[in-house]
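Heads up: the structure comes next, in structure tokens.
Per chain, numbering begins at 1; letters A, B, ... match sequence-line order.
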Amino acid sequence: MNGARQTAIFLNRPSSTVHRPPSTVYRLPSTEKTMEYRPNDIEPKWRNWWKENQVYKVDNQSSKPKYYVLDMFPYPSGAGLHVGHPLGYIASDILSRYKRLKGFNVLHPMGYDSFGLPAEQYAIQTGIHPAISTEQNIASFRSQLENIGFSYDWSREVRTSDPKFYKWTQWIFMQLFNHYYDTDADKALPIAELVARISQSGNAAVHAVCDDDTPTVSAAEWNAMSERDQQLLLLKYRLTYPGEAYVNWCPALGSVLSNDEVKDGVSERGGHPVERKLMKQWNMRITAYADRLLEGLDAIDWPESIKEQQRNWIGRSVGASVRFAVEGHDGIQIEVFTTRVDTIYGATFTVLAPEHELVQRLTTEAQRAEIDAYVRWAASRSEVERMAETKKVTGAFTGAYAINPFNGERLPIWIADYVLAGYGTGAVMAVPSGDQRDWNFATQFHLPIVPILDSQKDLDQAADPTREGRYINSGIINGMTWSEAVPALIRWLEENDLGKGKTQYKLRNAVFSRQRYWGEPVPAYWKDSVPYLIDEQDLPLVLPNIDKYLPTETGEPPLARAEGWNYRGCEYELSTMPGWAGSSWYFYRYMDPHNDREFCSKEAAQYWQQVDFYLGGSEHAVGHLLYSRFWNHFLHDLGLVPHREYAKKLVNQGMIQGRSNFVYRAKEQFFEEYLMLKVLKPFLSDMGPMKIAEPGFEEAIQYDFAFEINDLVIEVTSWKQEDKITRVRQAAQSDGKRLMVLYSEALIDQINNPEFIADKIREALDSREPFIIATERPRCEQLFVSHSLLYKYSPEAFTKLHVDVGLVESDVLNIEKARTQPLFGKANFKTDPNGQYTCSWEVEKMSKSKYNVVNPDDMVAEHGADCFRMFEMFLGPITDAKPWNTQGISGVSGFLKKFWGLFFPDQDTFSVTDEEPTRDELRVLHNCIKKVTDDIERMSMNTCVSHFMIVTNELRRLNCSKRAVLEPLVVMLAPFGPHIAEELWHRLGHPTTVCDAVWPMHNEEYLKSDTKDFPIQINGKLRATVTLPTDVSAADAEKAALALEQVQKWLDGKPPKKVVFVPGRMINVVV
RNA sequence: GCGGGAAUGGCGGAAUGGUAGACGCGUUGGUCUCAAACACCAAUAACUUCACGGUUGUGCGAGUUCGAGUCUCGCUUCCCGCACCA
């Protein structure tokens, strides 16, 4: 479709753009005939209209292509939204509305990850059931969202804490329990198939992901096992299973935390200490999917930083495991994992983790005392200490020797805490020439360092981990390169049964239990210490009510308090699921939110396929975003979802930072400096020089000020410091001085009136009174000094304090408002000469404690939702962190007024004409269509807003109020400012919503202009411009350029070396 | 230490290798007003010049190119992530 025809459609048949079935009847709200742009009138009107007419309801069937836009699942916190939160929602809303205008059937849902710790902590404090507080939080969250005019289909809202929702979380858990990961099939298979295979032929030939300690059983042995033993064996295969594991136990929270909920040894939420504790926990065998989760990253369009974090977390390393014999201990072998098996000839010692199980058996009697002491010391150190002291090299020698399988050399066996028990086998072969940690250790303990590559350099300075060059001192691989050596060594190891090639992961199975109340109950019960699932027909297993939300006296989870919490006489599992359970699959529930037979119907999943665009913060990089990919791979294995990866594209929105304002409270030092500077200095000449307290001053007490030719001394102090006043008074008496006490508070009262104090001092100087002190109690207690005056005083004279940004406008404190706050109740302000108090500012995280939180409701109330939406986008690129500055919103507000004004050319009536647009007007319009379309496609919303401003300014200049130009603009504006667009769309005479209009297309023809100002460069620098026909030929352009006086000046009579002409662009003359 | 990203006016930020600083804020001046607010108009990178103009400018240093904010190489600083991970 070309642009001309597009325009014609708008002119003649606006109703052709409507996709609603004809049966849909819209009742139109009354349209006022006012000219003024009043967002507070039109916005609520259209929000109601949208709701009444179900404008945002989405069907699961359509002839249109589908598009699924998803916002990351929010936790409905009680704190409410600040302006940073809706940033991503606005961007995704714009994209959704744009896609709809482009003819897509768009799914854009919203719901709540409504299980979680904060509601439970609140319940513990207040006794209020988490369901109630959560409900309230959701209500306020929802009202804040609705205020902004999002196009969510609220009929699809979901909540993880709703039994209708968590029924299916429990159901998926049951599927995980009922499946194992078969490495031959490379997917999850039913556990029943495993049982059938084992009972036929044992498990020796089964290649499956299972616990390390899974025994090999024959069919006969299996069939002879008791039911209980069989179940215990199967647990070693199931994708979710209870197991003893060291977990991050947080006593303060009474719960286990996952690794990503622990930061620097304390809990991420609340910062409570976390300890390692062995507990029975449900686990998810995510390690089965480690490889697939890694490979899957290559197929999805996600930010590189997120992918990299997930790769790090999975931590795949390819290497070899090698078994070392131990001298004098037949039958004992030390297994090590190495990624650099090629360096094995450079191994000069081995190191075990202090916790390694062989340490006690290998230690010789001579070394026992030393080893025991080291083990004890290492065990006593906390994680934090260990992390802090990574530079310190410590260790102890066991007295035993391992044998290098390749060359038979004796390698002393050491223990050291730089080897971690939890990674690999807890033992390393140490190659000091290639590994810096080994090098540090060898240097410390005088162990040999043997070079193994001819390219290694400076080994007396540091290890050189290079792989370049050829091997030396290396037995069977001498002379080989790295890529030749590795397979040769692995082949040798495997032939001699001393090791094998192996891939290792840092990723651990994920702990899935929380000793908490406010989460999904695990649909399992315990019989004979073996877990069984409840029947599927008994789902959902509804969370019972309990009297208190705390662990029992015996330390059992809160669910142990529930009456009758058992299933067919057996106790239910007492822990609940973690926060990531519901969020690992919620995106499917939106597709089919009310289905009570399936978590999502096949048809719905088939229609919506996967998320096309996922928008959210980067803080969920390894929590939610990795676990949800894991569950999705599993659901895909079961044939329940169409794709291995559920989100095609992911974008992280950047944080909106706060702009904090600061005030400066004067300390005592300020008053001394102030008195000197503003009061005393002016009459120095009258009174002679003055002595100020300083070293070498002879009096017993250092007075703040003393006059040389007058016996008066002045002390500046708070009236509250009675002791000090008494002391100084006594000292003055014995020194024979007259004392004037100036209350610092009195100075505050008169801070903008230095003459007042000066007069007092003059009086004092003239009088003969021995003790001069004010009798009135001062009114003010604190002084705040304007930021612009600070440079006159020492920085130490002030305390810098956050001030609520609500009291500040354009960095000027609203003193009247401020006085109503406790902080400023008894304060005075030292202001600039114009009477203003200026604040300094800094960019910080937006948070309550920094008093820089801005509430979107306030922005909407003052400027309207459309303005707020567009300003959020205007701040900068969606992915960047950027500071919020409310001041700038006036620019967007002004733009909307101007845009509105285009429709009211004679000031007071809405009128657009059906005149043919001029060429200029068409160029302006089509340029805007092209730019905005391109920019939305690349999520550059900030530049879209700029283009709208530009087009509005230009049309104002052209006095254009033609339908053919303005109507397409209304459609383009609709995703950004849906309310104003809807209002104008209806005023333009359309009975149906602007959401169902058609996005305009640009026509290149209109973008061209006949002439252009060509820049003329001399040697690449701009020196002149010349107006030429846009399609001017190279020869003509050159002629025109050289004819210019400006150019001749630079040529200086000589012919140009070369002339570069870029058609339609520019001319560069090389001199 | 490893990995990723960034650096452009007073501020937020624009610029398919082709007129650096679009757009907006702020600031300054003007119009309107008794006045203020709003609104509107104009100026606004720095230095220099009465002016025309000139010089310098995208963290620093080289390079490629007729031409570099953009590409290449080497640094600096900041932010984010990971971290005795064998």
Side-chain angles (χ1 to χ4, degrees), chain A residues 303-313 315-317 319 321 336-341 343 351 353 386-387 389-393 416-420 422-431 434-438 440-441 504-506 618-619 621-622 652 654-655 659 810-811 841 843 870-871 874-877 879-895 897-898 901 931 934 940 942-950 952-953 956 1013-1025 1046 1049 1056-1062 1064-1071:
Chain A
E304 206 42 53
S305 69
I306 297 272
K307 290 189 185 183
E308 202 51 39
Q309 283 180 59
Q310 294 205 352
R311 285 190 193 108
N312 284 340
W313 195 258
R316 182 176 130 121
S317 39
S321 87
V336 305
F337 174 75
T338 174
T339 56
R340 288 299 301 273
V341 69
T343 63
V351 187
R386 253 181 96 153
M387 280 191 283
E389 296 173 16
T390 54
K391 292 279 181 295
K392 232 158 101 184
V393 179
D417 72 351
Y418 83 87
V419 174
L420 305 176
Y423 186 75
T425 58
V428 302
M429 62 174 209
V431 184
D435 182 288
Q436 190 58 42
R437 288 156 307 161
D438 295 343
N440 292 346
F441 197 83
Q504 179 128 331
Y505 300 92
K506 222 160 41 168
S618 56
E619 66 272 20
V622 287
N652 289 129
M655 215 197 312
R659 191 175 186 281
S810 304
D811 293 329
W841 61 274
V843 172
M870 294 188 82
F871 181 56
F874 188 61
L875 287 175
T879 51
D880 290 6
K882 56 228 164 231
W884 176 269
N885 185 0
T886 302
Q887 225 177 142
I889 201 168
S890 64
V892 176
S893 183
F895 151 71
K897 283 179 197 156
K898 287 186 207 167
K931 289 193 155 147
D934 285 354
S940 174
N942 55 327
T943 50
C944 289
V945 179
S946 298
H947 298 319
F948 286 127
M949 290 172 169
I950 292 168
T952 302
N953 290 340
R956 265 162 69 93
D1013 290 339
F1014 278 81
I1016 313 291
Q1017 296 179 345
I1018 308 289
N1019 293 338
K1021 283 195 192 282
L1022 179 74
R1023 294 296 177 190
T1025 55
Q1046 292 281 4
K1049 195 176 88 183
K1057 242 188 207 160
K1058 186 176 173 184
V1059 177
V1060 180
F1061 174 68
V1062 184
R1065 276 275 189 199
M1066 47 72 67
I1067 302 153
N1068 187 17
V1069 181
V1070 185
V1071 183

Find every protein N or O atom lying less than 3.5 Å from an N or O atom of nucleotides 52-56 of chain B, and list the pairs.
unit_1	atom_1	unit_2	atom_2	d
U55(B)	OP2	Arg1023(A)	NH1	2.6

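Using a 4.5 Å heavy-atom cutoff, the side chains of Arg340(A) and Asp435(A) are not in contact. The shortest distance between side-chain heavy atoms of Phe871(A) and Trp884(A) falls below 4.5 Å. Using a 4.5 Å heavy-atom threshold, the side chains of Val393(A) and Tyr418(A) count as separate. Side chains of Val1070(A) and Asn1019(A) form a contact here, defined as non-hydrogen atoms less than 4.5 Å apart. Side chains of Phe1061(A) and Phe1014(A) form a contact here, defined as non-hydrogen atoms less than 4.5 Å apart.
Taking the C1' atoms as reference points, C75(B) lies 23 Å from G81(B), given to the whole Å. Comparing the C1' positions of A51(B) and C78(B) gives a spacing of 44 Å, expressed to the nearest Å. Distance check on atom P: A39(B) versus A62(B) gives 49 Å, rounded to whole Å. The separation of C82(B) from U65(B), taken at their C1' atoms, amounts to 40 Å, rounded to a whole angstrom. Look at the P atom in both A15(B) and U8(B): the space between them is 15 Å, to the nearest Å.
Rounded to an integer number of Å, the gap from Asp438(A) CG to A86(B) P is 12 Å. Here the C1' atom of nucleotide U8(B) and the CG atom of Asp880(A) are 14 Å apart, to the nearest Å. At whole-Å resolution of the value, CD in Gln436(A) and P in C85(B) are 12 Å apart.
Mapped onto RNA chain B by nearest heavy atom, Glu308(A) and Val1070(A) fall at different nucleotides, with Glu308(A) at the one closer to the 5' end. Residue whose closest nucleotide on RNA chain B sits further toward the 5' end, between Ser305(A) and Pro877(A): Ser305(A).
Checked against side-chain contact (heavy atoms from CB on, under 4.5 Å), Lys897(A) has the following partners two or more places apart in sequence or in another chain: Tyr37(A), Ser893(A). In this structure Gln436(A) satisfies the side-chain contact (heavy atoms from CB on, under 4.5 Å) test together with Trp439(A), Asn440(A), Ala462(A), Ala463(A), sequence neighbours excluded. By the side-chain contact (heavy atoms from CB on, under 4.5 Å) test, Asp880(A) is found to be paired with Pro877(A), residues two or more places apart in sequence or in another chain being considered.
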Under 4.0 Å protein heavy-atom contact, by nucleotide of nucleotides 17-26 of chain B - B base, S sugar-phosphate only:
-BB--BBSSS
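Every stem involving RNA chain B, taken as at least 3 paired positions in a row under the Watson-Crick or G-U wobble test at 3.5 Å, is listed here: B:1-7 with B:76-82, B:10-12 with B:23-25, B:26-31 with B:39-44, B:45-48 with B:53-56, B:59-63 with B:71-75.
Here the closest heavy-atom approach between residue Asn953(A) and residue Lys898(A) is recorded as OD1-NZ, 3.5 Å.
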